[in-house]
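Everything on this sheet refers to the single structure shown next.
Sequence lines set the chain letters: A, B, ... in the order given, protein chains first and strands last, and positions in each chain run from 1.
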2 protein chains.
Amino acid sequence: MSQSTAEARSERYEELLRAAAECFQSRGFAATSIDTVARHLGATKGRVYHYFPSKMDLFNAVRDRAMDLVFAASDDGYQMQGTPAARLNVMSAGHARSMIDDLPYMHVLIDGLQMLRYSTTTQFQREAMEAHLTRRDLYEQRFREVVLQGVADGQFHIGPQLSITIQSFMSTLNGPVFWYRPRGEDTPESRQAIVDDVVRFAMSGLGLSADSFTQHSNQSQKVFA
Amino acid sequence: MSQSTAEARSERYEELLRAAAECFQSRGFAATSIDTVARHLGATKGRVYHYFPSKMDLFNAVRDRAMDLVFAASDDGYQMQGTPAARLNVMSAGHARSMIDDLPYMHVLIDGLQMLRYSTTTQFQREAMEAHLTRRDLYEQRFREVVLQGVADGQFHIGPQLSITIQSFMSTLNGPVFWYRPRGEDTPESRQAIVDDVVRFAMSGLGLSADSFTQHSNQSQKVFA
DNA sequence: AGGAAACATACTACTTGGTATGTAGTCAAT
DNA sequence: ATTGACTACATACCAAGTAGTATGTTTCCT
């Protein structure tokens, strides 16, 4: 197999994955038939089943890809040096940005959890689900870790139950998946403005004003230790 | 028809409505069959179709009921006298409380929006959907109104885009629908603690500390005008 | 007793996940 | 140039499930 054919296959695979994500987004898993995905591509079932052995595998592939994307989106902030507030700010912005930019995938990721008790008949599917949940916990753990550190530093001011605060924080960041829909007039800048506002709200929920975590070229301002 | 039979019918109707809500919650609309709902009641299709002419009508009834509940839950706060912060606090607590107490209904309400472009084939269904969206807008408008007044009073501090703030605020309040699941050990008090923490986060997102909106028996404390 | 309400049962037309098979194009070796 | 193997699909088909209907059957009220 030559280089170009391998690339071509990869492109076809991506095309199929995206089409599936879009269908799952707009109609949900159960209401999306394989024929639906195929028609969305101007193809037939044969093509879909050539790349994925079953509908469930297709869905899992989309969900796993979504997880890859959201991990990548917040990784810079997580690996970054700086205060918990600064790190969390970059992580959150990346996360929220991904919600908007990769909306079809993220929609699958967010409400793909209801699949928990849905049709977990097969053993193989149970394992795939469990592996996914592990990754998800790992992801949430990153945010929890940084928030906890901010609380320890006295920089964040949260309620008595950390888990509730984390859930609320993530709910805010995930929000765009439910209410944002791309329009003709929106630009990269307008999308960034949305992200900034969402992140501002989320950080503010932790008791932080924008001054305390945004990057200033003038370093003289330091509100907290 | 006697009084008791009318009551009995009403009870049966409620029982069916709740069973449907629970099924729709756990599996979604498309994956829930009429037989599923019937089996959940230990009955057969005949019973379901005796009360509802179609699956879609059943779903609409659940969704409308959910809207009734959430309206009722936040109405006290909306009608209340007081500062925008105090009113919004009570409204939000009622809303969040309803998310937890009426979880099956609320789940249907929240993600029932994806039905927008789903199978809106019939004209009648389009009208039902449009009527529902109108009520939903009206509901959100109540929160928007109170938030806007708080901003005008200088009591709230929000980002440049009001609509984004409102969406984030509602996302936080709706959050429990996605992550809360009833457990054996939770009590009315523990549930209230969850509600309080969620509301605290949401209000904090508007730049409000808990001191500025909670009711104090000692009235001497007034942080803002 | 008679009728209507409240279901259960049996059945139909249709959809859907998955499979089995056909087929056009590609690539490499002879 | 031809052949053979393989990829990348399309087509045809089947078993299972589902929304809705038509028709019993039991229970309750009057």
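Checking the phosphate oxygens (OP1, OP2) of C:dC7, a side-chain nitrogen or oxygen of B:Arg12 falls inside 4.0 Å. Taking only side-chain nitrogens and oxygens, A:Arg9 comes nearer than 4.0 Å to OP1 or OP2 of D:dA8. Taking only side-chain nitrogens and oxygens, A:Tyr49 never comes nearer than 4.0 Å to OP1 or OP2 of D:dA10.
Here the two rings, on A:Phe24 and A:Tyr105, have centers that are 6.0 Å apart or farther.
Put simply, CG on B:Asp35 is 13 Å from C1' on C:dC11, counting in whole angstrom units. Between the P atom of D:dT18 and the CZ atom of B:Phe29 lies a distance of 13 Å, rounded to the nearest Å. Whole-Å rounding puts the B:Arg27 CZ to D:dG17 P distance at 14 Å. Taking atom CE on A:Met56 and atom C1' on C:dG17, their separation rounds to 13 Å, with Å as the unit. Distance B:Leu58 CG to D:dT18 P: 15 Å, rounded to the nearest Å. In this structure, B:Arg47 places its CZ atom 20 Å from C1' of D:dT23, rounding to the nearest Å. Spacing between atom OH of B:Tyr51 and atom C1' of C:dA8 amounts to 14 Å, rounded to whole angstrom units. To the nearest angstrom, P of C:dA4 lies 14 Å from NE2 of B:His50.
In this structure, the side chain of B:Ser98 does not engage the main chain of B:His95 through any donor-acceptor pair within 3.5 Å. Remark: side-chain polar atoms of A:Ser171 are not paired, donor with acceptor, to backbone N or O of B:Thr172 under 3.5 angstrom. No donor-acceptor distance shorter than 3.5 angstrom exists from the side chain of B:Asp197 to the backbone of A:Ile164, with no hydrogens or angles considered. A:Ser74 places no side-chain N or O within donor-acceptor distance of the main-chain N or O of A:Gly94, the cut-off being under 3.5 Å.
Nearest-nucleotide mapping onto DNA chain C: of A:Thr32 and A:Gly46, the residue sitting toward the 5' end is A:Thr32. Each of B:Gly42 and A:Arg39 was assigned the nucleotide of DNA chain C with the nearest heavy atom; the assignment lying further toward the 5' end belongs to B:Gly42.
Under 3.5 Å, the side chain of B:Lys45 and the base of C:dA8 form no donor-acceptor pair of N or O atoms.
If you check every strand for non-hydrogen atoms under 4.0 Å, A:Thr44 touches a base.
Listed nucleotides C:dA8, C:dT16, C:dG18 differ in distance to A:Ser33; the shortest reach to its side chain belongs to C:dT16.
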